Amino acid sequence: MDSVAAAVGVTDMTTSRKRPERSVSATLAAATCALLGTTAAAPVDAREEPKWDFNTSLLYYGEDDDRVQDASFKSMVRRLFADDRSLSLGLTVDALTGATPSGAIRQDGVQTFTRPSGSSAYSVPAGELPLDDTFRDTRVAITAGWQQPAGEKGLINIGLSASSEYDYLHTGLNASYAHDFNNRNTTVSAGFAFASDSIEPVGGAPIPLTNMLNVGDTSNRLGDQDKDVFDVVLGVSQVISKNLLVQANYSLSQSDGYLNNPYKVLSLVDGVTGDTLPWIPGPEGGPSGQFLFESRPDERTQHSIYTQAKYYVNGKVLDASYRFMTDDWEIDSHTLDLRYRWPLGASSYLEPHLRYYTQSEAEFYRLSIDSSAAMPQFASSDYRLGNFDAITAGLKFGWKTRNDHDMSLRVEWYTQSGTVPGEQLIGSQASRDNYPDLNALIVQFSYRFSR
Amino acid sequence: MTIFLLLVCAGCSSMGVQPWEREILAREDMQLTTDPLEAATDDHIYFSKEASSGGRGFGGGGCGCN
């Protein structure tokens, strides 16, 4: 009500000076505009003064045990034109280094592996989890988006995306339409995205379920591969009351093509002892055991339901969301995410964040391949397809600078802990720590301003 | 049945607020996505480390990290 009173007062002064006889109607008009959340002058200003919105962030993501480290720069620029049209351009640069689990199991002796390039070999100490330390990449991604109203109550978004890595190229496009109903209290939206990606693995894509070969032998490598992903998202958001807004989305994602990770292997083990079968390397060097490249289906269909609520109470805002995902690889997952924005004075806030995630393993996830049983058609020991829980706990501090720029710093811990189903453990495997638990630190600084 | 549907529809249209009651809903911290860059960062991290992605929007991805 303060803003209404102020708007009325200001208009009163200006109109009484110029046209005293119209002050009452002008005041009423201004009061009406203020009630509607607009001012008589604002639309004219919006037409004449296009605005820019700059959003930049620096991210450090680091896993312990010398696993993946990522330093990332992200920037998004939005140019606002007249009539609520806008153009957004985004740039992301990631510098990745570190080691990642190869998929092979721990052994009591030293293990040797041929590098993905096939040009040399590396060793893993006795009893340690095999990590492939050749992970090093720079990723550059760009996005472009255009938004414009369609009639009084519609909004159209179209976008393009592309990204490039040493071994991966992505191109994509997306479009969505949102329509307001019911006094703008209900918004219904529909969108789709299509991505066409090509994969050019270091050393070539291996033929699934063939052995890791000696140094220099690339006879089981194929050429470049590709995959297509088609996404559909249908959503509805509803204003419930002055301080409660809810949203629900249904998403369908269909992937076709090469869905393997070309660098992941499984140990081929003895059906009684559970130990990796030996491989006798040639004089040029090679693996110490039999490691088979993974094999995933070439199709995947995922369905997810996402719900979110924003609730304001006494200056604080609770943001709660829940997602259920299920797919035809028989993975089910649940994600619960809670954020609570707590103002500290007029220009800063603290925001604790808690996220819980749990997933069941893919139908073809297995710790190793039993050499005494029939060879499965599909197999992967990628820990990301296993049965695990993850927790993210973090705190964000945000503040406004004197010139009204927004800055924030968040620090979060992400931890994964998984288990291999008991029936998959063979012989000595039961006494080993088989799942590569993960602990990561996330630090992000963001800076945003408009002009 | 028709009466039931009419009642449900009437319930939907009576939900919500009048245009002059949107002061809180218009706040920056009441938007469904408050920080697009942070949301994009999280989507990318979790896409790389978990078997699920998307939900809020499109599935993310476009990288060889999975």
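Everything numeric in this text was worked out from a predicted model, so none of it was measured. Letters go in sequence order (proteins before strands), and every chain restarts at 1.
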(request) With rounding to the nearest 0.5 Å, note down the distance linking CG in B/Asp29 to CG in A/Asp319. (result) 10.0 Å
(message) Please classify the contact of A/Tyr357 with chain B as side chain, backbone, both or neither, using a heavy-atom distance under 4.5 Å.
(response) side chain
(request) Give, as side chain, backbone, both or neither, the part of A/Asp137 having an atom under 4.5 angstrom from any heavy atom of chain B. (result) neither
(request) Give the intermediate values and the outcome of side-chain contact (heavy atoms from CB on, under 4.5 Å) for residues B/Lys49 and A/Phe388. (result) CA-CA 11 Å; B/Lys49 296 291 149 189; A/Phe388 71 86; over 6 Å; no
(message) Counting only non-hydrogen atoms closer than 4.5 Å, does A/Tyr250 touch chain B with its backbone (N, CA, C, O), its side chain (CB onward), both, or neither?
(response) neither
(request) May I ask you to say whether A/Lys310 pairs ionically with B/Glu28, meaning some side-chain N is under 4.0 Å from a carboxylate O? (result) no
(message) Assess whether a salt bridge exists between A/Arg339 and B/Asp42, defined as any Lys/Arg side-chain N lying under 4.0 Å from an Asp/Glu carboxylate O.
(response) yes
(message) Using heavy-atom distances under 4.5 Å, tell me whether A/Glu361 contacts chain B through its side chain, its backbone, both, or neither.
(response) neither
(request) Could you look at B/Ala40 and say if it's the side chain, the backbone, both or neither that has a heavy atom under 4.5 Å from chain A? (result) both
(message) Taking A/Arg448 first and then B/Glu38, would you say they form a salt bridge - that is, a charged N and a carboxylate O separated by under 4.0 Å?
(response) no
(request) Heavy atoms only: give me the nearest A/Ser57-B/Leu37 pair and the separation to one decimal. (result) N-CD1, 3.7 Å
(message) Report which part of A/Ala195 has an atom under 4.5 Å of a heavy atom belonging to chain B: side chain, backbone, both, or neither.
(response) neither
(request) Could you tell me which portion of A/Lys396 (side chain, backbone, both or neither) has an atom closer than 4.5 angstrom to a non-hydrogen atom of chain B? (result) side chain
(request) Quick one: pull up CG in A/Asp332 and OG in B/Ser52 and give me the separation to the nearest 0.5 Å. (result) 9.0 Å
(request) Apply the test side-chain contact (heavy atoms from CB on, under 4.5 Å) to residues A/Ser237 and B/Leu32: give CA-CA distance (whole Å), side-chain angles for both, the deciding distance (0.1 Å), then the verdict. (result) CA-CA 9 Å; A/Ser237 67; B/Leu32 288 167; 4.2 Å; yes
(request) Against chain B, label A/Val68 side chain, backbone, both or neither, depending on which of its atoms sit under 4.5 Å from a heavy atom there. (result) side chain
(message) Does any part of the side chain of B/Arg27, heavy atoms only, come nearer than 4.5 Å to the side chain of A/Asn243, both counted from C-beta?
(response) no
(message) Does atom CD1 (A/Ile142) have a neighbourhood of more than 12 heavy atoms from anything else shown, all under 6.0 Å?
(response) no
(message) Counting only non-hydrogen atoms closer than 4.5 Å, does A/Tyr312 touch chain B with its backbone (N, CA, C, O), its side chain (CB onward), both, or neither?
(response) both
(request) Count the heavy atoms of every other residue, nucleotide or ligand shown that sit under 6.0 Å from CZ of A/Phe194, and state whether that count exceeds 12. (result) yes
(request) Tell me, for A/Asp327 versus chain B, whether the close heavy atoms (under 4.5 Å) come from the side chain, the backbone, both or neither. (result) neither
(message) Restricting to ring-ring contact (aromatic ring centres under 6.0 Å, His included), what partner residues turn up for A/Tyr447, sequence neighbours left out?
(response) A/His405, A/Phe449
(message) I need the residue from A/Ala193, A/Ser304, A/Ser164, A/Ser72 with the largest number of non-hydrogen atom pairs under 4.5 Å to chain B.
(response) A/Ala193
(request) Let me know if A/Ile305 has heavy atoms under 4.5 Å from chain B in its side chain, its backbone, both or neither. (result) neither
(message) If you take the centroid of each ring, where Trp contributes its six-membered ring, are B/Phe58 and A/Phe192 closer together than 6.0 Å?
(response) no
(message) Please check: side-chain N/O of A/Arg323 versus main-chain N/O of B/Gly54, any donor-acceptor pairing under 3.5 Å?
(response) yes
(message) Can a donor-acceptor pair be found, under 3.5 Å and without considering hydrogens, that links the side chain of A/Gln359 to the backbone of B/Glu50?
(response) no
(message) Between A/Arg384 (side chain only) and B/Ser48 (backbone N and O only), is there a donor and an acceptor less than 3.5 Å apart?
(response) yes
(request) State the NE2-CG distance between B/His44 and A/Asp70, to the nearest 0.5 angstrom. (result) 6.5 Å
(request) Pick one of side chain, backbone, both or neither for A/Thr56, based on which atoms fall under 4.5 Å of a heavy atom in chain B. (result) backbone
(request) Report the residue from A/Thr186, A/Val239, A/Ile240, A/Asn183 that forms a side chain to side chain contact (heavy atoms under 4.5 Å, CB included) with B/Met15. (result) A/Ile240
(request) Measure across A/Ser408 and B/Asp35 and return the closest heavy-atom pair with its distance rounded to 0.1 Å. (result) OG-OD2, 4.4 Å
(request) Might you point out which heavy atoms bring A/Arg341 and B/Thr34 nearest each other, and give the distance in Å? (result) NH2-CG2, 3.8 Å
(request) Measure A/Ser161 against the heavy atoms of chain B and call it side chain, backbone, both or neither at under 4.5 Å. (result) neither
(request) Select one option (side chain, backbone, both, neither) describing which atoms of A/Ala440 are under 4.5 Å from chain B's heavy atoms. (result) neither
(message) Using a 4.5 angstrom heavy-atom cutoff, name the option from A/Val233, A/Leu96, A/Val229, A/Asp406 with the most pairs to chain B.
(response) A/Val233
(request) Side chain from CB out, backbone as N, CA, C, O: work out which of these in B/Arg22 comes under 4.5 Å of a heavy atom of chain A, or both, or neither. (result) side chain
(request) Carefully, step by step, assess A/Gln444 and B/Thr41 under the rule side-chain hydrogen bond (donor to acceptor under 3.5 Å, both in side chains). (result) CA-CA 9 Å; A/Gln444 187 171 27; B/Thr41 302; 3.0 Å; yes
(request) Go through the steps to decide whether A/Thr392 and B/Tyr46 satisfy the test side-chain contact (heavy atoms from CB on, under 4.5 Å), and finish with yes or no. (result) CA-CA 11 Å; A/Thr392 308; B/Tyr46 298 125; 2.8 Å; yes
(message) Applying side-chain contact (heavy atoms from CB on, under 4.5 Å) to B/Gln18 and A/Lys242, what does each step give before you reach the verdict?
(response) CA-CA 9 Å; B/Gln18 298 299 323; A/Lys242 279 187 272 190; over 6 Å; no
(request) Mind checking the CD1-CD1 spacing from A/Ile442 to B/Ile45? Nearest 0.5 Å is all I need. (result) 4.0 Å
(request) Examine whether an atom of A/Ser241 lies under 4.5 Å from a heavy atom of chain B, and if so say whether it belongs to the side chain, the backbone or both; otherwise answer neither. (result) backbone
